[in-house]
Amino acid sequence: AVEGIKGLLSAAQVGEELEAEAQVVEGETGGDEKLEPLEGKSVPVRITIQRVARRKVPALDDELARKLGLSGADEIEAMVRERLEGALARRQEELRRELVVDQLVKSVPLELPPSLVERASEDQQMRLLVRLLRQGGPREEAEQRAAEAVQQARDGIENQLKASFL
């Protein structure tokens with residue numbers, strides 16, 4: 001939720017106190033009411049380093065492969081490459097599908113009953129409201145935020161409905 005302190009932390013030592021200006025990222029305050037008014041603003045940050053931990057990445061070698069039940073490091077590389085290529089192919093197919101659906105929605109005239117769009121918007125608003133209430137905070141504020149978000153997303157909701165019919 002806060003940007004601008006990563007580089008500051010990389011060389012820090014235990015017991016050291018650090019001060020910096022940081023940016024509170026918009027939309028990433030986790031529903032914290034105290035942070036929301038600060039979204040997008042620069043704020044002073046003071047950090048005391050209590051402990052330093054570094055993650056050790058094991059060497060990609062035959063010993064690691066044996067621990068994983070594989071014959072060698074080349075088998076690890078092949079397995080990782082296969083998974084990455086599969087993930088890339090799936091993502092490319094998702095993007096192609098989204099483009100086709102978007103073009104269909106734009107090119108096929110389809111009038112939806114206003115009551116259908118309204119009902120879908122209300123459903124979306126209720127799901128968002130439940131999620132916001134689970135994060136904590138006043139109900140009135142959550143209701144207002146959910147209503148505003150759904151109003152802004154209304155065109156997208158209508159396009160999703162059209163896509164489901166196509």
Side-chain angles (χ1 to χ4, degrees), residues 1-14 16 18 20-32 35-36 38-40 45 47 49-110 112 116-117 119-136 142 145-146 148-150 152-166:
V2 178
E3 289 184 351
I5 60 173
K6 187 176 182 180
L8 188 67
L9 296 175
S10 62
Q13 301 294 318
V14 173
E16 191 174 348
L18 308 170
E21 287 288 317
Q23 185 88 11
V24 178
V25 180
E26 289 187 36
E28 292 190 21
T29 58
D32 188 329
L35 290 178
E36 286 176 0
L38 300 174
E39 286 184 350
V45 176
I47 301 169
I49 306 301
Q50 296 178 343
R51 135 181 98 97
V52 176
R54 287 190 169 64
R55 186 173 286 180
K56 259 191 177 172
V57 178
L60 183 61
D61 57 15
D62 291 334
E63 182 181 337
L64 175 62
R66 282 191 297 279
K67 288 180 183 177
L68 296 173
L70 303 171
S71 62
D74 56 339
E75 194 173 349
I76 295 174
E77 290 176 7
M79 187 173 65
V80 169
R81 180 175 287 108
E82 182 180 320
R83 288 184 181 175
L84 288 173
E85 288 172 350
L88 177 61
R90 286 187 299 279
R91 183 63 185 136
Q92 288 173 331
E93 184 57 34
E94 286 174 24
L95 290 173
R96 272 193 290 274
R97 184 180 185 291
E98 288 174 14
L99 285 171
V100 168
V101 169
D102 286 348
Q103 289 302 314
L104 278 172
V105 166
K106 289 177 185 173
S107 64
V108 175
L110 178 61
L112 297 174
L116 180 64
V117 176
R119 176 66 188 182
S121 297
E122 289 170 359
D123 290 348
Q124 178 73 15
Q125 184 173 344
M126 188 56 64
R127 284 191 297 275
L128 181 55
L129 176 61
V130 167
R131 196 171 76 230
L132 290 171
L133 289 172
R134 285 183 181 161
Q135 292 175 355
R145 288 180 57 198
E148 290 170 358
V150 168
Q152 290 175 353
R154 199 171 186 86
D155 288 342
I157 292 168
E158 188 169 353
N159 286 342
Q160 287 173 351
L161 283 170
K162 286 180 179 180
S164 71
F165 286 109
L166 297 175

Ignoring hydrogens and geometry, is there a side-chain-to-backbone donor-acceptor pair from Glu16 to Ala12 under 3.5 Å?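 Pair absent, no side-chain N/O of Glu16 close to backbone of Ala12.
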Does Gly86 offer a backbone N or O that forms a donor-acceptor pair with the side chain of Arg90 under 3.5 Å?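 Yes: the side chain of Arg90 pairs with the backbone of Gly86.
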Should the pair [X]-[Y] be classified as a salt bridge under the 4.0 Å nitrogen-to-oxygen rule?
X	Y	result
Asp123	Arg119	yes
Arg96	Glu93	yes
Glu94	Arg97	no

Please determine whether side chain to side chain contact (heavy atoms under 4.5 Å, CB included) holds for the pair Gln103 and Val100, giving the CA-CA distance in whole Å, both sets of side-chain angles, and the decisive distance to 0.1 Å. CA-CA 5 Å; Gln103 289 302 314; Val100 168; 5.9 Å; no
Least distance between heavy atoms, Leu161 atom then Ala120 atom: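 That closest heavy-atom pairing would be CD1-CB, 3.6 Å.
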Search all heavy atoms of Arg51 against all heavy atoms of Val14 and return the closest pair with its distance.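 Arg51 and Val14 have their closest heavy atoms at CA-CG2, 4.0 Å.
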Hey, could you give me the [atom1]/[atom2] distance between [X] and [Y], rounded to the nearest 0.5 Å?
X	Y	atom1	atom2	value
Met79	Leu84	CE	CG	10.5 Å
Leu129	Glu122	CG	CD	12.5 Å
Glu148	Leu128	CD	CG	10.5 Å
Asp155	Gln160	CG	CD	11.5 Å
Ile76	Asp62	CD1	CG	8.0 Å
Leu116	Glu158	CG	CD	9.0 Å

For Gln13, look at atom CD and say whether over 12 heavy atoms of other residues, nucleotides or ligands are found less than 6.0 Å away.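 No, not enclosed.
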Are more than 12 heavy atoms, taken from residues, nucleotides or ligands other than Met126, located less than 6.0 Å from that residue's CE atom?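 No, CE of Met126 has 12 or fewer neighbouring heavy atoms, counting only those of other groups under 6.0 Å.
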As a quick check of understanding, evaluate side chain to side chain contact (heavy atoms under 4.5 Å, CB included) for Val101 and Val105, giving each step before the final call. CA-CA 6 Å; Val101 169; Val105 166; 4.3 Å; yes
